[in-house]
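Following: one structure in structure tokens, then a few remarks.
Throughout, protein chains are lettered first and strands after them, A, B, ... in sequence-line order, and every chain is numbered starting at 1.
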Amino acid sequence: MRFSTAFIPTLKEVPADANVASHVFMVRGGYIRKVAAGIYNFMPLGMRVISRIENIVREELNKADAQEVLMPASIPAELWQETGRWQKYGPELLRFKDRKGSDFCFGPTHEEVVVDMVRRETKSYRELPLNLYQIQTKFRDEMRPRGGLMRGREFIMKDAYSFDVDIDAAAISYKKMYEAYKRIFTRCGLDFRPVEADTGAIGGSMSHEFQVLAETGEDKIVACDTCDYAANVEEAALRVSDTPGIEGGGELTRVETPGAKTIAEVCDFLKVDAKQTIKSLVFMADGEPLVVLLRGDRSLNEIALKKVTGATELFKARDGQAKKATGAPVGSIGPVGLSIPIYADLELKGATGAVAGAGEEGMHYTGVDLERDCKITQYVTLRAAEEGEGCARCEGTYQSYQGIEVGHVFSLGTVYSEPMGCTYLDEGGKSKPMVMGCYGVGITRIAASAIEQNHDDGGIIWPMSIAPYEVTVLPLQMNDDDVIDAGNKLYAELKALGVDVLLDDRKERPGAKFKDADLIGVPLRIAIGKRSLGEGNLEMKWRRDADATALPVEGAAEAIANAVAEEKAKLANS
RNA sequence: CGGGGCGUAGCGCAGUCUGGUAGCGCACCUGGUUUGGGACCAGGGUGUCGGAGGUUCGAAUCCUCUCGCCCCGACCA
């Protein structure tokens, strides 16, 4: 492609609404433009990146015996009513009516459609296993889209669905996808971790997320520094200790703590460590209040609480609700004398000598003995895993990371096949529901996370495998015929060798071309300047490196093509 | 959905408090000079001041309503 005729509108200034690297650089580099909140145009550079990611995904899934299909984006409500999700799914499901008034939704996921397709055609165990995937635009009406492509409302996703005769066969399908995913993300040049995850609203028994490690990630994960255990903090197992997390003994004593509301303020006032305090949180579970107790320095794992209470709707109580439920203002709530259900973190079992709110403005208790002074409904692990804690599976220690979820594999069991009657006949002629799995890859999110992981102040540093172009050629003096000719010649030769090349033939000054090249992030840059051209050389520079090296004009195209091929091979085999 | 903020030229912003005929930088167009890390000179304004009402002789500016967007939180995969 010649830059002079390309549609690559780059921007010098940072768009006002972008605050993460991938968003800033994709807009500035002319990859995407916003059309509405969380909805974007993909311009030529963006489209090229998307295509390359899609192709990697296709290759690896086809290798794993999955077959590509395309299902509709508009889905009739009847299908979603069969599984009950038409009612269950919240406002993030975009619903609309056609001209006859029939209900439809824009598919955020396609279990119902794929199950409907398979149940109509597949009747025998002989036709299984089956794994179908599509690459499709999805829509989820997120409350708060953010970070450009990191969390859009409309996004491109690969979703695959496996159908098997039983759990053992389904486990094989699951494993195949798991391995395919590892290859996909490796080939995309991403530093990622497969982590054990919560199965969420979709249901099912086994689940792994593929998390790209990046500081701007929205997910918190912990990974053991010794074994290969890694998990979303919502799911991470914790090592159970024999000794209570708070010890000290003593009598229950009321003390004045004027103005102290937060744990930090109370600790400051009473000169105690946060590890000696008990934090009391009020939650509303399906409209009923309950109290959660955690050691002062811990944080809550809401997923665990949701599981324990079995509540379908669970949220932190508003200040007014909390006061009504406990009789105390937030900041002074404590477990002593409460009559509503109290769920205490397992770590607090046997706790003595603790500091907790006294249920009255400006008052706290010291010397709290939970067994003696409170009525605890249940002790259960409720705290979130944190950096530095002991691994539950070995003697190692957890490290914590921020992650961007780019893939998710679920084992679904029969939660969709059963209600929808997706069955097959086994060898004995008996009808059984198919055992399913579902597997997602965020195509657009891969693009964003690759940038989060690979950029500097000047712009993107694409991995070779997903870059919009592999090489960019910059003739620096567009008033010098030798330079122009050398650029055109190299451009033609590289194209002939099958290299994706962008020739910056604009009549811009060298500085502008360098800046745009850095911003766009093509991994390999060839500068042609009259200075070095006089000595028979071009200048080759990797975007990730600081310095260029001289490259003889003679045989340059072959040398560049080889360098590109080597770079690609590195990603494929690592 | 709760809290905060912003909508003025393609982009980034000033002007709003204190009402008086719309401005800066970048980009863009014309001409010239330049050419190794976002050049310079001269000329050119491309705008429903988010929208709708209202107050006023007069509204970007004041009032009411409304739409959109961003940030923090809650929520979600």
Side-chain angles (χ1 to χ4, degrees), chain A residues 9-20 23-24 27-28 30 33-39 88-93 108-109 138-148 150-153 155 157 159 197-204 207-211 217-219 232 234-235 283-284 300 302-303 306 312-321 403-410 438-442 445 457-459 474-480 483-484 504 506-520 525 527-534 539 541 546 548:
Chain A
T10 60
L11 263 31
K12 272 194 217 175
E13 283 174 289
V14 178
D17 57 359
N19 46 19
V20 299
H23 191 190
V24 170
V27 172
R28 284 194 52 207
R33 287 288 188 269
K34 183 166 71 178
V35 175
I39 299 175
K88 262 187 259 167
Y89 226 92
E92 66 170 28
L93 180 65
T109 175
K138 309 275 194 207
F139 194 96
R140 291 182 192 166
D141 201 350
E142 297 278 351
M143 290 183 201
R144 196 180 145 208
R146 62 187 92 173
M150 292 267 283
R151 186 183 201 74
R153 292 197 292 172
F155 55 97
M157 184 171 160
D159 47 326
D198 179 56
T199 49
I202 277 182
S207 171
H208 286 87
E209 289 170 351
F210 289 78
Q211 294 276 359
E218 295 183 305
D219 290 350
N232 195 306
E234 295 169 347
E235 187 76 358
F283 273 78
M284 303 300 287
L300 174 68
E302 280 200 41
I303 302 286
K306 203 162 183 176
T312 51
E313 193 191 53
L314 183 77
F315 59 90
K316 204 185 240 171
R318 306 245 169 82
D319 286 6
Q321 292 173 311
I404 303 167
E405 183 190 349
V406 291
H408 204 152
V409 293
F410 281 94
C438 80
Y439 316 91
V441 171
R445 205 181 259 188
D457 290 346
L474 313 188
L476 297 181
Q477 294 85 19
M478 291 303 288
N479 56 349
D480 183 317
V483 169
I484 294 172
D504 193 346
R506 294 175 300 170
K507 291 189 175 24
E508 291 287 341
R509 295 162 63 90
K513 294 191 179 187
F514 287 137
K515 289 287 184 190
D516 270 344
D518 286 350
L519 175 61
I520 289 167
R525 183 185 91 190
I528 304 175
K530 56 184 171 190
R531 256 177 5 210
S532 48
L533 194 61
E539 295 158 43
K541 180 183 166 301

* Which part of the nucleic acid does A:R506 contact within heavy-atom distance under 4.0 Å: base, sugar-phosphate only, or nothing? -> nothing
* Structure fact -> Among B:U35, B:C69, B:G36, the one nearest any side-chain atom of A:E539 is B:G36
* Asked: Is any side-chain heavy atom of A:M157 closer than 4.5 Å to a side-chain heavy atom of A:R140?
  -> yes
* In terms of side-chain heavy atoms of A:K12, which of B:C26, B:G37, B:A74 is nearest? -> B:C26
* To do: Report yes if the side chains of A:H23 and A:V27 come closer than 4.5 Å at any heavy-atom pair, otherwise no.
  => yes
* Asked: Now, which nucleotide makes the Watson-Crick or G-U wobble pair with B:C69, with each of the two distances under 3.5 Å?
  -> B:G5
* A:D159 has an atom CG; how far is it from atom P of B:A77, in whole Å? -> 16 Å
* To do: Check the distance between B:C70's P and A:I39's CD1 and give it to me in whole angstrom.
  => 11 Å
* Asked: Can you check whether A:K34 reaches A:P15 side chain to side chain, under 4.5 Å on heavy atoms?
  -> no
* Structure fact -> In Watson-Crick or G-U wobble terms, with both distances under 3.5 Å, the base opposite B:U34 is none
* Can you measure from NZ (A:K541) to CG (A:L474) and round to the nearest 0.5 angstrom? => 10.0 Å
* Asked: Hey, does A:R445 have a side-chain heavy atom less than 4.5 Å from the side chain of A:R151?
  -> yes
* Quantified in whole Å, what is the C1' atom distance between nucleotide B:C65 and nucleotide B:C11? -> 31 Å
* Asked: Nearest nucleotide by nearest heavy atom, which residue falls closer to the 5' end of RNA chain B, A:R151 or A:M478?
  -> A:M478
* Looking at every strand, decide which applies to A:K34 at a 4.0 Å heavy-atom threshold: base, sugar-phosphate, or nothing. => sugar-phosphate
* Rounding to the closest angstrom, what is the interatomic distance between B:G12 and B:C28 at atom C1'? -> 15 Å
* **Heavy-atom side-chain contact between A:N479 and A:K507 under 4.5 Å** => no
* Between A:F514 (CZ) and B:G38 (P), how many Å, whole number? -> 10 Å
* To do: Would you mind pulling out the nucleotide paired to B:U61, Watson-Crick or G-U wobble, both distances under 3.5 Å?
  => none
* **CD1-CZ distance between A:I520 and A:R525, expressed to the nearest 0.5 angstrom** => 12.5 Å
* **A:K530 vs B:G36: side-chain N/O to OP1/OP2 distance below 4.0 Å** => no
* Asked: Could you state the NZ-C1' distance from A:K507 to B:A39, rounded to the nearest angstrom?
  -> 17 Å
* Asked: Do A:R28 and B:G38 have a side chain to base donor-acceptor pair shorter than 3.5 Å?
  -> yes
* For A:D480, which contact category applies under a 4.0 Å heavy-atom criterion: base, sugar-phosphate, or nothing? -> nothing
* When rounded to the nearest Å, what value does the distance between P atoms of B:G38 and B:A74 take? -> 44 Å
* Side-chain donor/acceptor of A:E508 to base of B:G37, under 3.5 Å -> no
Would you tabulate the pairs of protein nitrogen or oxygen atoms and nucleotide nitrogen or oxygen atoms of nucleotides 10-13 of chain B closer than 3.5 angstrom?
residue	atom	partner	partner atom	Å
B:C11	O2	A:E13	OE1	3.3
B:G12	OP1	A:A16	N	3.2

* Asked: What is the distance from atom NE2 of A:H408 to atom CD of A:E209, rounded to the nearest 0.5 Å?
  -> 4.5 Å
* Asked: Separation of A:E142 atom CD from B:C71 atom P, in whole Å?
  -> 13 Å
* Watson-Crick or G-U counterpart of B:C49, or none if no pair lies under 3.5 Å -> none
* Remember a base hit wins even if backbone is also touched, and classify A:E218 as base, sugar-phosphate or nothing at under 4.0 Å, heavy atoms. => nothing
* Asked: Using a cut-off of 4.0 Å on non-hydrogen atoms, how would the nucleic acid contact of A:R140 be classed: base, sugar-phosphate, or nothing?
  -> sugar-phosphate
* Between B:G45 and B:A27, how far is it from one C1' atom to the other, in whole Å? -> 13 Å
* Asked: B:C69, B:G37, B:A74: which one has an atom nearest the side-chain heavy atoms of A:A36?
  -> B:C69
* Structure fact -> As its Watson-Crick or G-U partner within any shown strand, both distances under 3.5 Å, B:C75 has none
* Would you indicate whether the side-chain heavy atoms of A:V483 and A:M478 approach each other to under 4.5 Å? => no
* To the nearest Å, how far apart are A:E405 CD and B:C76 C1'? -> 10 Å
* Asked: Rounding to the closest angstrom, what is the interatomic distance between B:G15 and B:C49 at atom C1'?
  -> 10 Å
* Can you check whether A:N19 has a side-chain N or O nearer than 4.0 Å to OP1 or OP2 of B:C71? -> yes
* In Watson-Crick or G-U wobble terms, both distances under 3.5 Å, what is the partner of B:G23? -> B:C13
* To do: Just call it for A:E92: base, sugar-phosphate, or nothing, with non-hydrogen atoms closer than 4.0 Å on any strand.
  => sugar-phosphate
* Is any side-chain N or O of A:R531 closer than 4.0 Å to OP1 or OP2 of B:G36? -> no
* Is there a side-chain contact between A:K530 and A:L476, using heavy atoms and a 4.5 Å cut-off? -> no
* Structure fact -> A:L474 atom CG is separated from B:G37 atom C1', nearest whole Å, by 11 Å
* To do: Provide the Watson-Crick or G-U wobble partner of B:C28, both distances under 3.5 Å; none if there is no partner.
  => B:G44
* **Interatomic distance at P, B:C69 relative to B:G32, whole Å** => 46 Å
* What is the distance from NZ of A:K515 to P of B:G36, rounded to the nearest Å? -> 15 Å
* To do: Pick the C1' atom in B:U16 and in B:G5, then give their distance to the nearest Å.
  => 16 Å
* Asked: Looking only at atom C1', what distance separates B:G50 and B:U61, rounded to whole Å?
  -> 16 Å
